[in-house]
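Here is how names work: the chains are called A, B, and so on, in the same order as the sequence lines, proteins then strands, and each is numbered from 1.
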Amino acid sequence: MQPFAVSHISGRFISQLLSKRPGISQIKQIHAQIILQSLASTRLSLIDSLIHCYLHSKSLSSARILFDNHRSSPPPHVLLWNLMMRAYSKLQHCSEPINLFRRMIDTQAKPDEYTFTFVITSCAHQDSVLCGQVVHGMAAKNGNLLNLYVANSLIGMYAAFARVDDACEVFDKMSKRDVFSWTSLVSAFAKNGDMGKAGEVFRRMPLRNDVSWAVMISGFISAGMYTEALSYFQDMFRESNPNEAVIVCALSACANLGAFDHGKWIHGYIDGNRALQSSNTMTALIDMYAKCGRIDCAYLVFNKITKRDIHNYTSMISGLSIHGRGEESIRVFQRMLAEKLKPNDITILGVLNGCSHSGLLQHGSLIFYSMESSWGVVPKIEHYGCYVDLLGRAGYLAKAFGIVKTMPINPDVVVWRALLSACRIHSNLSFAERVIGYLEQLDCGSYSGTKVLLSNLYASLGKWGKVSQVRKVMGKQKNPADIGCSWIEVDGVVHEFRVSDMLHPQIAEIREKLGEILKRVGYAADATRVSFDLSEEDREQAVAWHSEKLAIAYGLMNTTSGASIRIMKNLRTCEDCHALLKTISKVYDREIIVRDRARFHTFRQGKCSCNDYW
DNA sequence: ATAGGGTTAG
């Protein structure tokens, strides 16, 4: 039977067509012609070009079929292996480049510097240090280490594994380095949490670009050094303009610091740059405003978005939740479902959190029990933690304990803490002791993490003998990151206070003001309740120096324009401070908003918005 | 060819 070929097209002409990298529908027509005219057997290079074209139009599966078929008789050219590997190495968490590399070695094909760059990159995407080291060795044997790209990708791979020494070794042996080599080395130190060294290398760089700045700024953020992140963000403007990644990072720093004025400035900058207006920046803006205590501004950003995606919704829902606006959080969630958007695990976590803050047991239970069947999201440990928290806060201690005992994942410290927290809220010591008894029986590592909570529980019930008993078992395990630390933003400047630190330039003034406040509100600190981690001698000083109180003093001293003082904190508001804030809000007639980790408490006229806290 | 990103309960 004759093929339907309308006219005969020469192999040479097809080759020319393919070299122009046509679109997918044209490629398919040309592919059909090659089959119809049996050109594949006479001109093998046509298939190679065809694979090249399929890869160019991102049709990886079509390319793969052709590649696998023609591989047998004359083995494919290195270029073709490389092209296939490059395509797969663009996908993260894909082991195909390594599989292809193995097959390539088996067919006696000789890898070149391109091959190694792709394979090394995908070793970094994979979680395989060992694989990377083997490939490193092979590249060395092949004499490809002198290639700039190969060495750069090696530094990048060791950076991904936070293997600083290996990254340095490759870097030191290079004869020529570019901005990629330097940036990757900075990234290695940053991934390792050593921002001091990262900064050193960063300053030594002969040339920096926007990515180099992004690596530093995001490094500071993962290290929890938000003030430093913002200061680098400001320095950056002298050299280059921030890109989307940097903007998102800077907004995250503002969110963590509660730096509203700074965040607002960045918002203005985004409004003036079309290139920065993306779903990512909108999501980060919503999050920033919510975490700065300005849910009204978060709404404004959210409502202005024309086509809202799942991340925008997630950010808005979580924002409403930390503000204790559970009903609204559910309403936005339902609006999202009506728009046929499928929630992800974090969206569900956000809405569950909203339910637990607002005591919406029924809504929360419904979402928790149907999340897998309705949206295909398998409950993770975080969701269990949230649900246990929801049940516990609502007073269903036995039901919550039942969930913990029967859940399919091993409960972690967070879950136990949520359960014990609920016991504290409902002043149910005997139930807490039952939980502790159960935990001791299990004899697992999670017990130690709950001791702080148990001691807080005893403290809130005035059982001081029990408190010191538990504290003794805990011993000294002070984590520097957990030391009391508060921030307050006044006129665009973020002021940071730590327990017993004297670094603030106005510390003497603030101290004086604090003394005045304490006297005026008739406040007597109960030294037995604060800072058990400190020695006896330090304790009294620590009470007076407690970072949060310093921040309040500074706020009262300097917030003259508005009635409200906003304080952001990374530690649990301690009990005596809570009492102090109530008194101050009454005596000074100020509204005080405190952020405790991710939750807001508003103090107004001697009352606190959250009644479940103590 | 090689480097960088947010949304998470307590």
Participant: At under 4.0 Å between heavy atoms, what does A:Thr314 touch on the DNA or RNA strands: base, sugar-phosphate, or nothing?
Facilitator: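 Base contact.
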
Participant: Could you name each residue pair satisfying salt bridge (charged side-chain N to carboxylate O under 4.0 Å, His left out) that touches residues 307-332 of chain A, not counting sequence neighbours?
Facilitator: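 Qualifying pairs, neighbours excluded: A:Arg325-A:Glu328.
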
Participant: Taking all atoms of both residues into account, what is the closest heavy-atom pair of A:Pro343 and A:Ile310, and its distance?
Facilitator: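 Result for this residue pair: CA-CD1, 3.6 Å.
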
Participant: Can you figure out which of B:dT2, B:dA3, B:dG4 approaches the side chain of A:Ala214 most closely?
Facilitator: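 The closest nucleotide is B:dG4.
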
Participant: Roughly how many Å is it from NZ in A:Lys191 to C1' in B:dG5, rounded to a whole number?
Facilitator: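 Whole-Å distance recorded here is 11 Å.
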
Participant: As a test of reading the structure: which of B:dT7, B:dA9, B:dA1 is closest to the side chain of A:Glu113, going by heavy atoms?
Facilitator: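 Shortest atom-to-atom distance from the side chain points to B:dA1.
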
Participant: With sequence neighbours excluded, what pairs up with A:Ser187 under the side-chain hydrogen bond (donor to acceptor under 3.5 Å, both in side chains) test?
Facilitator: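 side-chain hydrogen bond (donor to acceptor under 3.5 Å, both in side chains) list for A:Ser187, sorted by chain: empty.
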
Participant: Does a side-chain N or O of A:Lys291 approach OP1 or OP2 of B:dG6 to a distance below 4.0 Å, or not?
Facilitator: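 The answer is no; no side-chain N or O of A:Lys291 sits under 4.0 Å from OP1 or OP2.
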
Participant: Of all the nucleotides listed (B:dA1, B:dA9, B:dA3), which has the minimum atom distance to the side chain of A:Glu382?
Facilitator: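 Output: B:dA9.
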
Participant: Given A:Tyr313, which partner from the list A:Leu337, A:Val332, A:Val351 fulfils the side chain to side chain contact (heavy atoms under 4.5 Å, CB included) test?
Facilitator: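 Only match with A:Tyr313 under side chain to side chain contact (heavy atoms under 4.5 Å, CB included): A:Val332.
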
Participant: Any donor-acceptor pair under 3.5 Å linking the side chain of A:Lys191 with the backbone of A:Ala159?
Facilitator: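 Judged by distance alone, no pair lies under 3.5 Å.
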
Participant: What nucleic acid atoms does A:Asn243 come within less than 4.0 Å of, heavy atoms only: base, sugar-phosphate, or nothing?
Facilitator: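 Contact class for A:Asn243: base.
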
Participant: Please report the distance, rounded to the nearest Å, between CH2 in A:Trp213 and P in B:dG5.
Facilitator: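 A:Trp213 atom CH2 is separated from B:dG5 atom P by 17 Å.
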
Participant: Separation of A:Ile317 atom CD1 from B:dT8 atom P, in whole Å?
Facilitator: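 In whole Å, B:dT8 P lies 12 Å from A:Ile317 CD1.
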
Participant: One thing to verify: whether A:Glu200 and A:Arg204 come together as a salt bridge, which I'm taking to mean a side-chain N less than 4.0 angstrom from a carboxylate O.
Facilitator: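 The answer is no: the pair does not qualify as a salt bridge.
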
Participant: From the list B:dT2, B:dG5, B:dT7, which nucleotide is the closest neighbour of the side chain of A:Ser318?
Facilitator: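 Within the option list, the nearest is B:dT7.
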
Participant: Nearest to the side chain of A:Ser218, heavy atoms from C-beta on, is which of B:dA1, B:dG4, B:dT2?
Facilitator: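 Given the options B:dA1, B:dG4, B:dT2, the side chain of A:Ser218 is closest to B:dG4.
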
Participant: What is the nucleic acid contact for A:Asn280, judged by heavy atoms within less than 4.0 Å: base, sugar-phosphate only, or nothing?
Facilitator: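 Base contact - A:Asn280 has a heavy atom under 4.0 Å of at least one base atom.
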
Participant: Of the candidate nucleotides B:dA9, B:dG5, B:dT2, which contains the atom at the shortest distance from the side chain of A:Asn353?
Facilitator: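 Minimum distance to the A:Asn353 side chain belongs to B:dA9.
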
Participant: Once you round it to whole Å, what is the distance between P of B:dG4 and CZ of A:Phe220?
Facilitator: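 Computing the A:Phe220:CZ to B:dG4:P distance gives 17 Å.
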
Participant: Please state how far atom CZ in A:Phe302 lies from atom C1' in B:dT7, giving the value in whole angstrom units.
Facilitator: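 Spelled out: CZ on A:Phe302 to C1' on B:dT7 is 13 Å.
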
Participant: From the set B:dA3, B:dA1, B:dA9, return the single nucleotide nearest to any side-chain atom of A:Val414.
Facilitator: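 So the nucleotide nearest the side chain must be B:dA9.
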
Participant: Which residue in the set A:Thr115, A:Leu154, A:Val119, A:Ile98 passes side chain to side chain contact (heavy atoms under 4.5 Å, CB included) when paired with A:Val135?
Facilitator: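 Among the candidates, only A:Val119 passes.
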
Participant: Send over the distance from A:Asn344 CG to B:dA9 P, rounded to a whole Å.
Facilitator: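 The distance from CG of A:Asn344 to P of B:dA9 comes to 14 Å, rounded to the nearest Å.
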
Participant: What nucleotide, of B:dG5, B:dA9, B:dA3, holds the atom closest to the side chain of A:Ile322?
Facilitator: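 For the A:Ile322 side chain, the nearest candidate turns out to be B:dA9.
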
Participant: Rounded to whole angstroms, how far apart are CG on A:Leu145 and C1' on B:dT2?
Facilitator: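 Going from A:Leu145 (CG) to B:dT2 (C1'), I get 14 Å.
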
Participant: Picking from B:dA1, B:dA9, B:dT7, which would you name as closest to the side chain of A:Tyr114?
Facilitator: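 Closest nucleotide among those given: B:dA1.
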
Participant: For A:Thr283, does its backbone N or O pair with a side-chain atom of A:Asp287 as donor and acceptor, under 3.5 Å?
Facilitator: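 No, the answer is negative, given that no donor and acceptor are paired below the 3.5 Å cut-off.
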
Participant: From B:dT7, B:dG5, B:dT2, pick the nucleotide closest to the side chain of A:Asp287?
Facilitator: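 Out of B:dT7, B:dG5, B:dT2, the nucleotide with an atom closest to A:Asp287's side chain is B:dT7.
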
Participant: Check for me: is A:Tyr149 stacked on B:dT2 by the 5.5 Å centroid and 30° plane-angle rule?
Facilitator: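 Here the ring of A:Tyr149 and the base of B:dT2 are not stacked, as the 5.5 Å and 30° limits are not both satisfied.
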
Participant: Check the distance between B:dT8's P and A:Met371's CE and give it to me in whole angstrom.
Facilitator: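 My rounded result for the distance is 16 Å.
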
Participant: Looking at every strand, decide which applies to A:Ser184 at a 4.0 Å heavy-atom threshold: base, sugar-phosphate, or nothing.
Facilitator: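 It contacts sugar-phosphate atoms only.
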
Participant: Does anything in residues 202-211 of chain A reach DNA chain B, meaning a heavy atom under 4.0 Å, and if so which residues?
Facilitator: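 The stretch gives A:Asn209, A:Val211 as the residues lying under 4.0 Å from the strand, ordered by number.
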
Participant: Give a yes or no on this: more than 12 heavy atoms of other residues, nucleotides or ligands lie within 6.0 Å of atom NZ of A:Lys176.
Facilitator: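 Open.
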
